[in-house]
Structures are given as C-alpha cells and as structure tokens.
Amino acid sequence: MTDSKELLAQVRDVSTDSEYFSPIPKGYRKGKTKYVIVMGTVMSGLGKGIFSSCLAKLLQDKGLKVSPVKFEGYLNVDSGTLNPFRHGEVFVLDDGMECDMDLGTYERMLDQNLTRANFCTSGQIYSSVLNKERHGDYLGRDVQMIPHVTGEVKLKLRRLAMDSDADVVFVEIGGTVGDLENAFYIEAMRELAYEEGPHSCCFVALTYILEPKTLGEQKSKAAQLGIKQILQLGIQPDILACRCENPVSEQARQKISVFGNVPFERVFSMHDSASIYSIPSMLRDCGLDFEVLKLLHIEDRINLRNERREWARWCDFTDKIGKETHAVTIGVTGKYTSVRDSYASILNALEHSGVQLLCKVKIKWIETTDITDANAAEHLRDVDGIIVPGGFGTRGTEGKIACVRYARENNLPYLGLCLGFQMAVIEFARHVCGLTKANSTEIEPSSPEPVIDILPEQKKIEGLGGNMRLGGRDVELKPDTLAWRIFGRAETVRMRFRHRYEVDPRYIETLEKHGIVFSGKAPDHPIMQILELPGHPFFVGTQSHPCLSSRPLRPHPMFVGLIAAARQRHYPKERLADPETAVRKVCELDEQGQETLQR
Ligand code: GLN
C-alpha cells in the first residue's frame, strides 16, 4: 500500500489543477526502454504469449535486455484460485506468484526467472487504485478510469522498465480487442505511446485468417474487421501477424495490408507449427526481428556476435526436433485429462528431455477413477514410464495409488510430482510398512494413519488462496543418493512448490526403516521434498513441481532421468545411458553447469 507522501515521492506530474495525470516513477528515463505491445483480434487463444516470447527471444539473442509482462483482464488478484480446467495450468514463479501459464512460456523461451512484476491483473490494478483512493492519494479528485486507472497501468509498466533495466518491455494484453474487461489496458497503451513519443512503442496485432474447408481458400474479412477495431481505438498497428493453419497467401496479406494501413513487408504469416520451439526461426526467417529494431530505432544497441553464439546454441536444440531415433510412451494420470493446457509445463518438460535424448515422447493419458490393483496392468502394460502429476481433491486418488504400486512392483520408471509424491508415500506406507489404513487428510480427514497431513506451520492460516506453501525453496540433498547424483552432486537445489499437505514427520522413521530414502529435505524444517527407492531403476517423487523450471536448453534432471530410464526399459537390448549418465551428458551442454539450474 502506498500513502500519499510516498506516492508523491515516487511520482511526478501529479497535481490537482491539471488534467495531466500520469504518475511516472522518479528516475525514469524516457527513451531508455522501448515497448512492444502485443494484442489479439478475431479470437483469443491465438498464441499471443508464444508470439511475444519468441520475438523477445530474438531480441534477447542480440544482446538486448528484455522483460515481458502479461496484462490479464480478469478481476482475480492472481491465478491461484482459478480452475486449470477452465484456464490452463497455474504457473508458479520463484517469488511465489501464482500466474497465467503464459509466464511459463516466457520463462522457458527466454530462460529467465520472472517475478510478480511481470504479471498484472485488473484485480491488482483496481485494488491498488482503491487503496490509494482510501488513503487520499488522489488529492481530492474524483477517481476515474481515465486518467487514474490507465495511469496505474502505465505506472506499473514504467516501474517494470526501470527495475528490470530493460531495453525492450514486451506487453501482452490478454483477451481480444473489443473485450470490455481489457479496454482500459488498450487505452493505457495508446496514452503510453503518445507520452513516450515516436519510436518508443511498436504495436503488434495478432489476427486470424479463416480457411473454411468448403471454400478451400483463405478469407481475411474477420481479420480486417478486427484491425479496424484497433484503429478505432486510436492505435495504428505497426506489425500484423496472421495466424492460420497454413502459410498465409500473398493475396490475403495484401488485402490486410491495405485495410490495416500496414506496409506489406510488415504483414507476417504465423502458421501452425509442430513445435513452438520452431517459431523463433519462422519469425527470424521473415525478418520480423529487424523490422522491430528499425521501428524502435535501436539497431545500434545490438550485438551480432552474441546473436551468432546464442542462435547456434538454440539451433543445436531445434535441429533435433523431429529427428528422434527412439520413442517411449509415458503414462500421465490426472483428472484434467481433457485439457492439455492444464499440464502445459509437464508436456514441455517432457519435450525438452525427449529432444535432448533423441527420444520421441508419446503421452498416454490415464483416467484413474476406475483403476484398481486388479486392472492396473491392463492400463499400464504398454507404457515405459509413468508420471502422477500434481492435483487437488480426492477424485481418482485410489487409482493413482494403484498405478504407483504397479510401477514400484514392476520396475516401471516412476516420477511423482507433488500429489504424486504424496501418493507414493501412501502406497509405500500401506503395502510395505503395513500401515494398511494410511492416507492423506486431504482425502480422508479422520484417517487413523495420516501419513500425509496439513503442514503444521500452515494450520493456523485460514482461507483459500492464503494457506499454500508457494514458490521457490532450497532443497538440501542427501549425499550418495540418486537425486544427489542427477543434480550434479550439489548440496542444495532450488525447486518450486505449491502445496498444503506434507509427510507427517512422525512417520518418517517408519518409512525410512522400510526402505524409502528421503533424498531431499527442507534445510530448516523436517519437510520431506524428494523420495526415491534404491534398487528400482527410477522411482522418484518430489513435493515440488520440477516441470516449472525445465527449460529447452536446460531440461530438468528429474525428467531427463525419467526418460532415460523409460528408454532403457523400451530398448532392453541396447546399452543406453543410465539416468545419471544421461543427465550428465545433457546438462553438460550448458557451460555453466549445475549452478544455472538454480537460477
Ligand atoms: N493437494 C496436495 C497438497 O495440497 C498436492 C498439491 C499439488 O499437487 N500441487 O498438498
């Protein structure tokens, strides 16, 4: 919260008798940071985040400092309470911010850790404006959408520009132009471009070209109307990116160019591609990166030697896509099986590891509600490894436990993530330690053997959204364990968390006596973070979400380990690298070694 004195100390241009209200952070230098503003027309879900992150990557490769921000229209303050079934997975940043899955795309594409400053919702903007109003910060003025709400948006953006010291801030506006809920963001961007002056902002509109099967040709009318709508809001797009199933024809692009006042050479085709990691090269091939540099007058800031090096590293990775020599099938259990977006980070982490190990990863979605010990084999016979991902609630948990049991007893590579870690503890307690009634109190509140229980430190905190252990934490590794070896024999690693429940410390001794090894623990509390089973080819569980920190050029060791073990199982006659050697090989691609995993 800001009080009026603090606000006045931080900003200038605030006065009661002027219509100009545009709070600018003290020390802000106009012209230092440029802005690329990406918005969508025709429909949502066009991949604005993907486009924006790929373009940002191309500029980052050229030695420019980039910082992305996503503006969400909804009133939730963060994404913590959103159902992944409706909105895709909740991505968690190192600082604990629960945000939109697009932030995951940015982190992966830019190999950069983001913070809460990179994510903004209408809820955040409004609550900040309302707090300031209650504190009298607006000096007796009536508080209005324009200039106060739009002013808050610009303030947030300029703060990000200053704090990140970015050459270019990439602004992605959620939803579609014309939506009531994001209209003030668009107006704020119009004001920003006016205030910052020529060559400060580059507006990109993503649009969609229809290609009805019955007509067999590309139709651009919907795109034209969408662009008209942007023009009506006082914004002239500089670049138009046309999404389409197939490459957009010259004719369609010419039409759009004429109707949108955008030179033909800045109307690009961004057609479907098998992997999002091929998109940077698609944009680069048509010269989009240099168009942006020209528009923003920053050609003199780039470092081409840096770009050559970074681009070669990137192509080492992308050249392997589609050239896999091996293939494995990984079973993924979960209740959101109908929406792939709910598992975006896991799918990405599998792709990163698979590509690096030249192994195509096929996914078999496993609905666990009907799985029992008696029929688990039927569902799992054809998979080479299994992941039980994170989740909440009780649905399908007994089926997940049956899957874990099958994996443990049949040497099937297993990776348990968060809830999957807890399921592994329950399964082991029931079938190995003889605690037949073992359960989690999330599933059975009055369980007589609550091996998984609510965190003692969190018990006191009430209310949804406030009682979760969130964000990056250090995990202490136990020497000579598999986890220690695949993490390059590091003492600690940084992992990301989002959970309420944990192993009840009273059961640790019993579990360990029967053979579970807790190879990762919190440094100061008896919170178990990683488990493994010696003697099994790969049985690993973690209370964290390693998928959130896997990056294309630095795949996460736990996923590399899983795929290596699955590959060995699928090709028993070949002598392939074991999980530890595979991780060492793949991660050696990175000159900075293990250290960078903790970034
Ligand atoms: N529901 C479990 C908990 O709250 C697991 C959470 C998760 O998988 N993200 O601890």
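These figures come from a predicted structure and were not determined experimentally. In each ligand, atom 1 is the first atom listed, and ligand 1 is the first ligand listed.
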Margin query: Under 4.0 Å between a side-chain nitrogen and a carboxylate oxygen: does that hold for K70 and E172?
Written below: yes

Next item on the list: Determine whether the side chain, the backbone, both or neither of E502 has a heavy atom under 4.0 Å from any heavy atom of ligand 1.
Entry: neither

Notebook entry, point to check: Would you call M468 a ligand 1 contact, heavy-atom distance under 4.0 Å?
Noted result: no

Next item on the list: May I ask you to list the atoms of ligand 1 that are less than 4.0 angstrom from any heavy atom of H545?
Entry: 9 (N)

Item checked: Polar side-chain atom of Q60 near backbone of L110 as donor-acceptor pair, under 3.5 Å -> yes

Margin query: Assess, by modelled atom type and distance only, whether the side chains of S345 and R108 contain a donor and an acceptor separated by less than 3.5 Å.
Written below: yes

Note to self: On a heavy-atom basis, which atom in S122 and which in Y185 lie closest, and how many Å separate them?
What the structure shows: N-OH, 3.0 Å

Margin query: Testing the basics here: between L553 and Q356, what is the closest heavy-atom pair and its distance to 0.1 Å?
Written below: CA-NE2, 3.9 Å

Next item on the list: Under 4.0 Å, heavy atoms only, figure out whether ligand 1 is touched by the backbone of R500, its side chain, both or neither.
Entry: both

Item checked: For atom 5 (C) of ligand 1, the option (of G391, S544, S440, P389) bearing the nearest heavy atom -> G391

Next item on the list: Identify, for atom 7 (C) of ligand 1, the protein heavy atom at the shortest distance, and state residue, atom and that distance.
Entry: C418 SG, 3.0 Å

Next item on the list: Looking only at distances, please establish whether an N/O atom of ligand 1 is found under 3.5 Å from an N/O atom of Y501.
Entry: yes

Notebook entry, point to check: What atoms of ligand 1 come closer than 4.0 angstrom to any heavy atom of R498?
Noted result: 6 (C), 7 (C), 9 (N)

Notebook entry, point to check: In the protein, which heavy atom is nearest to atom 1 (N) of ligand 1, and how far is it?
Noted result: E442 OE1, 2.7 Å

Next item on the list: Check each atom of ligand 1 against the heavy atoms of G390 and keep those under 4.0 Å away; list them by number with element.
Entry: 8 (O)

Item checked: N/O separation below 3.5 Å, L419 to ligand 1 -> yes

Next item on the list: Examine F184 together with Y126 and report whether their ring centres are nearer than 6.0 Å.
Entry: yes

Notebook entry, point to check: Would F392 and H499 count as a close aromatic pair, with their ring centres under 6.0 Å?
Noted result: no

Checklist line | Side chains of F497 and V92 in contact at under 4.5 Å (non-hydrogen atoms) | finding: no

